[in-house]
Amino acid sequence: MLKLYNTLTNQVEEFKPIEENKVRVYVCGPTVHDFAHIGNFRTFLFADLLRRYLKFKGYQVHHVMNITDVDDKIIRKSVEKGQTLREYTQIYTDYFFEDFDALGAERPEEILRATDHIPEMIEIIKRLSANGHTYQSDGSTYYRINTFTGYGKLSKMNFEGNVTGASERVDSDEYEAKENARDFVLWKAVKPGEPFWETDLGQGRPGWHIECSAMSMKALGETFDIHAGGIDLVFPHHENEIAQSEGATGKPFVHYWVHAEFLMVEGQKMSKSLGNFFTFRDLVEKGYTPRAIRYLLLSAPHHKQLNFTLEGLRGAESTVARLNDFKLRLNEAAVEDGETPATAELIARSLKRFEDAMDDDLNTAEALAAVHDFVRETNSALAQGSLKADDKKALLAAVDRFDSVFSIFGEVKKEMLDSEIQALIDERQAARKAKNFARSDEIRNQLTEMGIILEDTKDGVRWRRK
RNA sequence: GGCGGCGUAGCCAAGUGGCAAGGCGAAGGUCUGCAAAACCUUUAUUCACGGGUUCGAUUCCCGUCGCCGCCUCCA
């Protein structure tokens with residue numbers, strides 16, 4: 001039974017979908033104004049892990065992610081570049097999905113752009129107005145939060161004690177049009193030189209929070225199972241989404257709110273001034289592989305801060321290389337017909353430990369420990385030559401089962417060597433047979449420089465790329 | 001100022017009121033012509049520090065220090 005920590009209740013709860021066997025999930029996606037950084041991807045890879053594990057458990061998953069393609073930053077940058085909103089955001093949307101795909105994240109069933117859903121947003125704002133939750137000021141429409149009694153139930157914010165000493169931002173000019181500092185804007189009146197939509201609420205553009213209420217309810221219904229995102233979205237974004245959706249429908253919005261914790265870098269928060277700010281692309285340029293980045297970002301449970309270090313990433317490179325080589329060797333293993341009871345026992349034990357760990361609020365560290373112990377025990381059996389054909393088949397199936405959730409083992413596709421390299425390997429084998437080790441070592445060194453690592457096994461020579 | 005989280009070996013990191021998972025790295029060994037890979041062994045008498053509760057605490061409580069998050073930019 002899967003259990004998830006629910007931010008709404010501050011408790012780990014048994015997960016029960018509204019509709020049996022079907023799970024509806026909404027994940028707050030990227031704001032497409034720049035390349036996404038590894039902190040962003042921690043959240044998106046967590047969402048990917050969640051959807052994959054729900055599928056592992058046999059659920060049919062309907063996963064929706066939004067693309068925020070209108071906000072102050074996007075408007076400013078697109079104006080600077082002389083591009084339309086869509087031209088500008090399309091560029092970074094494409095880059096985002098290149099990275100997303102490279103990191104092995106499965107595409108959600110639906111990916112929705114905010115600017116494609118202006119009518120749905122207007123509709124919700126009208127419903128909120130009909131329910132007495134809004135007011136107009138300087139052409140903008142605001143949510144009057146003291147009309148929503150449940151406000152603060154997600155973030156458990158103490159609105160009495162914390163305003164006075166809080167940051168200056170609360171009092172900045174932008175909020176002068178509001179009755180109360182806690183009110184937030186639903187629809188922003190047009191400003192000169194900015195893009196706008198012609199609507200019943202006047203010319204303007206949406207506030208930040210309304211898009212997620214509009215798109216999630218359109219795609220998943222007025223009440224759905226899981227809403228996920230980064231921990232920093234709890235307040236105000238998700239709190240405001242609840243106010244908008246529940247204020248409009250009068251129904252519970254979401255059953256389970258799950259949040260991915262912050263990613264630290266070298267023990268500090270990631271910032272450009274500290275020089276520890278990494279986009280996915282920065283790391284790939286430094287020669288790190290997407291699979292290692294994925295492994296590292298998934299290696300600690302989502303509800304804890306994770307300290308990302310380059311030393312740790314180098315370690316993850318070793319780990320995923322080892323896992324991939326394991327899968328290759330298992331595939332190549334020459335076996336006789338038959339099966340052994342020890343293998344069935346190993347698989348059953350490992351899968352149970354894996355599933356128990358993942359059921360426990362997606363404890364990836366413990367689940368990966370089960371995978372690593374499984375790999376080590378299988379390697380022992382492989383080295384002893386005790387595996388039979390049915391064992392091998394079952395072990396490979398178990399690897400696929402683990403990897404349906406983590407996707408860290410990589411592919412087994414064996415590339416062809418070019419004839420020059422193959423000729424060198426053949427020559428080296430002949431030299432070894434003739435005990436001409438000087439020549440064979442010379443060839444091996446030559447191949448190493450070409451990026452080919454040789455391994456002499458009892459079944460012949462293996463090669464792999466460095 | 002209000003609210004909350006974390007601090008476990010060189011690095012990343014799980015975990016529980018009863019002798020501290022896993023990965024990376026390092027050292028030794030087995031195998032090998034030598035390597036590589038794999039495997040085996042070792043690598044925290046101890047879980048930031050100081051008190052307290054308890055038969056027993058890393059795990060509960062209090063305090064100190066450090067790091068981090070939220071309090072309308074934020075994954």
Side-chain angles (χ1 to χ4, degrees), chain A residues 10 27-31 36-47 71-73 155-167 169-170 172 174-175 178 181-185 207-209 228-237 239-240 259-264 267-270 295-296 299-301 303-320 322-323 325-326 329 353 357 363-373 375-384 432 435-437 440-441 444-445 448 453-458 461-464:
Chain A
N10 281 137
V27 178
C28 285
T31 301
H37 58 67
I38 55 174
N40 297 314
F41 281 117
R42 184 187 190 190
T43 295
F44 299 128
L45 288 178
F46 158 66
D71 83 336
D72 291 349
K73 239 177 230 172
S155 57
K156 322 295 188 291
M157 208 68 82
N158 169 6
F159 293 110
E160 276 68 53
N162 61 1
V163 179
T164 316
S167 71
R169 285 178 290 176
V170 172
S172 70
E174 194 183 336
Y175 305 103
K178 296 194 293 192
R182 296 285 156 200
D183 294 344
F184 61 93
V185 67
W208 174 31
H209 315 292
I231 188 84
D232 50 344
L233 295 184
V234 172
F235 190 89
H237 186 55
E239 195 69 63
N240 290 350
H259 292 98
E261 253 293 352
F262 230 71
L263 181 76
M264 309 297 300
Q268 301 289 135
K269 59 185 164 184
M270 186 162 60
Y295 179 91
L296 184 56
S299 64
H303 66 265
K304 284 199 155 190
Q305 290 182 3
L306 169 63
N307 187 23
F308 182 98
T309 65
L310 289 178
E311 188 180 349
L313 185 52
R314 284 189 287 273
E317 292 288 356
S318 299
T319 303
V320 296
R322 177 169 167 271
L323 293 176
D325 197 44
F326 164 78
R329 278 183 290 105
R353 186 177 164 203
N363 186 339
T364 54
E366 172 62 21
L368 288 170
V371 171
H372 285 122
D373 285 343
V375 168
R376 182 166 35 72
E377 290 189 49
T378 304
N379 268 328
S380 285
L382 222 38
Q384 287 163 19
R432 290 185 70 222
K435 303 238 184 276
N436 182 357
F437 296 121
S440 82
D441 289 351
R444 185 169 63 196
N445 290 337
T448 301
I453 309 279
L454 294 186
E455 295 176 12
D456 299 322
T457 75
K458 63 180 168 52
V461 62
R462 282 187 82 226
W463 67 272
R464 62 195 165 86

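Sequence lines set the chain letters: A, B, ... in the order given, protein chains first and strands last, and positions in each chain run from 1. This structure is a prediction, so every number in the text was calculated from the model and none was measured.
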For atom [atom1] of [X] and atom [atom2] of [N], their distance in whole Å:
X: N10(A); N: G5(B); atom1: CG; atom2: P; result: 9 Å
X: R376(A); N: C24(B); atom1: CZ; atom2: C1'; result: 15 Å
X: M157(A); N: G4(B); atom1: CE; atom2: C1'; result: 10 Å
X: D325(A); N: A36(B); atom1: CG; atom2: C1'; result: 10 Å
X: H303(A); N: A14(B); atom1: NE2; atom2: P; result: 7 Å
X: L313(A); N: C11(B); atom1: CG; atom2: P; result: 17 Å
X: I453(A); N: U32(B); atom1: CD1; atom2: P; result: 21 Å
X: H237(A); N: G69(B); atom1: NE2; atom2: P; result: 20 Å

*asked:* Quick check: closest heavy atoms across T364(A) and P301(A), and the distance to 0.1 Å?
replied: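 It is OG1-N, 3.4 Å.
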_Exercise: identify the closest heavy-atom pair between C28(A) and L233(A)_ =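 In this case the closest contact between C28(A) and L233(A) is CB-CD1, 3.6 Å.
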Report which part of the nucleic acid [X] touches: base, sugar-phosphate, or nothing (heavy-atom distance under 4.0 Å, all strands).
X: Q384(A); result: nothing
X: P30(A); result: nothing
X: D373(A); result: sugar-phosphate
X: F184(A); result: nothing
X: L454(A); result: base
X: D71(A); result: nothing
X: S440(A); result: base
X: L306(A); result: sugar-phosphate
X: H259(A); result: nothing
X: G39(A); result: base

Watson-Crick or G-U counterpart of [N], or none if no pair lies under 3.5 Å:
N: A26(B); result: U42(B)
N: U59(B); result: none
N: U53(B); result: none
N: A21(B); result: none
N: C65(B); result: G7(B)
N: C34(B); result: none
N: C70(B); result: G2(B)

*Among A75(B), C68(B), A37(B), which is the nearest nucleotide to the side chain of M264(A)?*
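From the listed options, C68(B) comes nearest.
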*Given G69(B), A21(B), G33(B), the nucleotide with the shortest approach to the side chain of R353(A)*: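 Selected nucleotide (nearest to the side chain): A21(B).
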Please tell me if [X] has a side-chain N or O lying less than 4.0 Å from either OP1 or OP2 of [N].
X: N363(A); N: G15(B); value: yes
X: T457(A); N: A37(B); value: no
X: K458(A); N: C31(B); value: no
X: R432(A); N: C34(B); value: no
X: N307(A); N: C12(B); value: yes
X: W208(A); N: C74(B); value: yes
X: N40(A); N: A75(B); value: yes
X: R322(A); N: C39(B); value: yes
X: Q305(A); N: G5(B); value: no
X: K304(A); N: A13(B); value: no

Can you tell me, in whole Å, how much space there is between the [atom1] of [N] and that of [M]?
N: A20(B); M: U43(B); atom1: P; value: 13 Å
N: U41(B); M: G23(B); atom1: P; value: 12 Å
N: A48(B); M: U54(B); atom1: P; value: 23 Å

*Y295(A) and its side-chain contact (heavy atoms from CB on, under 4.5 Å) partner, picked from L45(A), L368(A), L313(A)*: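 The passing option is L368(A).
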*Any donor-acceptor N/O pair, E366(A) side chain to A357(A) backbone, under 3.5 Å*: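 A pair under 3.5 Å: no.
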*On a plain distance test, is the side chain of R444(A) in donor-acceptor contact with the base of A35(B) below 3.5 Å?*
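By the distance-only test, yes, there is a pair.
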*Which is it for D325(A) and R322(A) under the salt bridge (Lys or Arg N to Asp or Glu O under 4.0 Å) test, yes or no, and what are the steps along the way?*
CA-CA 5 Å; D325(A) 197 44; R322(A) 177 169 167 271; over 6 Å; no
*Which of parallel (below 30°), tilted (30 to 60°) and perpendicular (above 60°) describes W208(A) and H237(A)?*
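Plane angle under 30°, so parallel.
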*Please figure out whether N379(A) or L296(A) has its closest RNA chain B nucleotide nearer the 5' end.*
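Nearest nucleotide further toward 5': that of L296(A).
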*Map L233(A) and E455(A) onto RNA chain B by nearest heavy atom, then report which one ends up closer to the 5' terminus.*
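Of the two residues, E455(A) wins.
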_Ring centroids of F262(A) and A75(B) base under 5.5 Å with planes under 30°_ =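 Yes, aromatic ring over the base.
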